[in-house]
Amino acid sequence: METTHTLFFGPKDFPNSPRNPLDLPARVTEVQKDLYRIGCEHGEVWARPKGSLLRQAAQFGDLPTVGDFVYVQYEPQGQSLITELLPRRTKFSRPDETGKREQLVAANFDYVWIVTSLNQDFSLARMERYLAAAWQSGAQPVALLTKADLCDDPASFVFQVESAAPGVPVHAVSAVTGQGINELESYLRPGVTLALLGMSGVGKSSLINALLGEERLAVRAIREDDSWGRHTTTHRQLLPLPSGALVIDTPGMRELGLWAVDSGLEEVFADIEALAVCCRFGDCTHQREPGCAILAALEDGTLEASRYASYNKLAREAARHAGRQASMPAWQRKQKARQFQKAVDAALDAKQRK
């Protein structure tokens, strides 16, 4: 696949010159364990982080991810090296398998397309979870309701999401019939980067194929009995679209854990946050206190109990992750840093022995 390197970045993405004037600007387009595919003026090549970049990394989140802008020591006959990682404008992250470390998913995107399908697996609570993470990323969330051709009343689902997410554009689309695809053209401007997030089987690959105008990504059918999705995308990658926009495809997530989403929750549940300010007592727990604006709204029906339950669930989860980080003593943080440094040194030693 031929690509034009100017599609991947512009001068605004590299405000400062590289430390080494011979290094080239590039963008990470794919991550495969410790190998990175990068787009530069020579096309797309594979590279590894330079040893100095590894040693400077205080945690895995400081290593490159898809969408990152970097400087590269280009080696046409050997292994190219990533020498510098530039600051990120936006980023999407989640807890890793242990729940104790941040795992970066993508960086430097302008819109987060939250993709969910209009079948029996549709969940407004899940949409609220994704919206909290999307707002936290710093980009503009957009809700895409796919497989509209299989739904008798897609407008009702659009209304549900619009009611739960003020300020978030909502589109019902079908990659099969083309329904609603033309509504997405306003996002597909040259140089704009989109990040797609969603569960397995919601139709992300089919949607990207529709935007590409060709069947480039593999797709798989969902299970008929319960609409349970199946993994198609196995790794993150950045793809150029014919319009000049770029899209970051990510593997489907069964359960999206939340990582540091305080401002994201405030955006998603702005109505509840506004009610809390009106409570009689500043330290109101919204349980039994007199003059509680949230309890009053629940009683008169202006606030749905399911929405408030969703807010409480996500807030508790976010607080747990924040507490894990805040409660970690200094000696433990230093110990984890030493363990990470040992792992980096071991990887460098193994590489030198090859």
Side-chain angles (χ1 to χ4, degrees), residues 92 111-137 139-184 186-187 194-204 206-207 210 222 226-229 252-258 261 263-276 294 297-318:
F92 178 83
Y111 296 97
V112 181
W113 281 6
I114 303 172
V115 186
T116 190
S117 54
L118 294 178
N119 55 24
Q120 64 193 69
D121 200 38
F122 175 85
S123 169
L124 193 59
R126 186 187 305 118
M127 174 63 70
E128 291 169 341
R129 173 180 291 271
Y130 274 92
L131 283 168
W135 278 119
Q136 189 72 30
S137 74
Q140 168 67 51
V142 178
L144 296 189
L145 312 184
T146 60
K147 306 184 182 181
D149 57 305
L150 302 179
C151 178
D152 294 332
D153 187 15
S156 65
F157 288 92
V158 170
F159 177 77
Q160 289 182 56
V161 178
E162 286 179 338
S163 300
V168 175
V170 184
H171 305 277
V173 301
S174 169
V176 175
T177 66
Q179 175 183 343
I181 298 297
N182 61 332
E183 298 176 11
L184 308 180
S186 61
Y187 307 104
L194 321 162
L196 266 64
L197 301 173
M199 292 182 61
S200 303
V202 296
K204 296 192 301 298
S206 297
L207 177 62
I222 60 173
D226 59 3
S227 298
W228 196 254
M253 304 173 188
R254 275 283 161 236
E255 182 69 22
L256 172 65
L258 298 180
V261 292
S263 62
L265 285 175
E266 291 176 2
E267 290 283 355
V268 178
F269 298 100
D271 54 337
I272 296 178
E273 296 283 341
L275 284 171
I294 287 180
L298 288 169
E299 185 175 351
D300 65 21
T302 55
L303 174 61
E304 293 185 7
S306 58
R307 180 166 172 77
Y308 185 54
S310 179
Y311 168 77
N312 281 327
K313 179 181 179 180
L314 298 183
R316 286 195 299 268
E317 181 180 336

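- Closest approach of Pro169 to Gly167, counting heavy atoms only: CD-O, 3.7 Å.
- Contact between Ala148 and Ser174 at its shortest, heavy atoms only, is N-CB, 4.1 Å.
- Within the model, atoms CG of Leu275 and CZ of Phe269 stand 13.0 Å from one another, a figure rounded to the nearest 0.5 Å.
- Atom OH of Tyr311 and atom CD1 of Ile272 lie 6.5 Å apart (nearest 0.5 Å).
- In this structure, CD1 in Ile114 is found 7.0 Å from CG in Leu197, a value given to the nearest 0.5 Å.
- Looking only at side-chain heavy atoms (C-beta outward), Leu150 and Leu118 stay at 4.5 Å or farther from each other.
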### Task
Run the numbers on Val173 and Glu183 for side chain to side chain contact (heavy atoms under 4.5 Å, CB included), then give the verdict.
CA-CA 9 Å; Val173 301; Glu183 298 176 11; 5.6 Å; no

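- For the residue pair Thr146 and Ser117, the shortest heavy atom distance occurs at OG1-CA, 3.4 Å.
- Side chains of Trp135 and Val168 form a contact here, defined as non-hydrogen atoms less than 4.5 Å apart.
- Minimum interatomic distance between Cys151 and Phe157 (heavy atoms only, all atoms of both residues): SG-CE1, 3.5 Å.
- The shortest non-hydrogen separation linking Val170 to Glu162 is CG2-CG, 3.6 Å.
- Atom-to-atom distance recorded for Leu207:CG and Trp113:CH2 is 6.0 Å, nearest 0.5 angstrom.
- Checked by atom type, the side-chain pair Tyr187/Gln140 shows no donor-acceptor distance below 3.5 Å.
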### Task
Decide side chain to side chain contact (heavy atoms under 4.5 Å, CB included) for Leu145 and Thr116; before the verdict, give the C-alpha distance in whole Å, the side-chain angles of both, and the deciding distance to 0.1 Å.
CA-CA 5 Å; Leu145 312 184; Thr116 190; 3.5 Å; yes

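- In this structure, OG1 in Thr302 is found 9.5 Å from CG in Asp271, a value given to the nearest 0.5 Å.
- Considering OH of Tyr308 and CD1 of Ile294, their distance stands at 4.5 Å, rounded to 0.5 Å.
- Counting all heavy atoms, side chain and backbone alike, Asp149 lies closest to Gln179 at N-OE1, 4.3 Å.
- Judged by distance alone, with hydrogens and angles left aside, the side-chain atoms of Ser310 form no donor-acceptor pair with the main-chain N or O of Arg307 at under 3.5 Å.
- The backbone N or O of Val176 sits nowhere less than 3.5 Å from a side-chain atom of Lys147 that would complete a donor-acceptor pair.
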